[in-house]
Amino acid sequence: MGVERMLPLFKMVQSRGKKLIIRGKLDLADLNLIRKELSPRGLFLQIVIDKTRGSEATEGIFPPWG
């Protein structure tokens with residue numbers, strides 16, 4: 001199930017004041033969506049990538065949350 005389909009569930013968890021852990025293969029589009037739609041408060045991301053160059057693609061996606 002993709003991040004976009006799970007957003008309502010993620011938002012429900014956050015609205016109840018719970019911590020949210022998202023783990024998996026997240027691409028740049030997923031990360032941008034998470035950043036746009038979710039609060040950073042209590043949000044933990046464990047991003048799984050296949051290769052070192054995959055990590056380079058996500059550099060800069062997490063400047064200070066604003």
Should the heavy atoms of other residues, nucleotides or ligands under 6.0 Å from CD of E4 be counted, would the total exceed 12? no
Taking a hydrophobic cluster as the set of Ile, Leu, Val, Met, Phe, Trp and Tyr residues connected by side-chain heavy atoms closer than 4.5 Å, whether directly or through intermediates, do [X] and [Y] fall within one such cluster?
X	Y	answer
L45	I21	no
M12	L20	no
L9	I34	no

Test item: N32 side-chain N/O and A29 main-chain N/O as donor-acceptor pair under 3.5 Å: no
Return yes if some donor-acceptor pair links the side-chain N/O of Q14 with the main-chain N/O of S39 below 3.5 Å, else return no. yes
Heavy-atom pair of closest approach, residues L38 and K11: CD2-CG, 3.8 Å
If I compare all heavy atoms of K25 with all of D30, which pair ends up nearest, and what's the gap? O-OD2, 4.0 Å
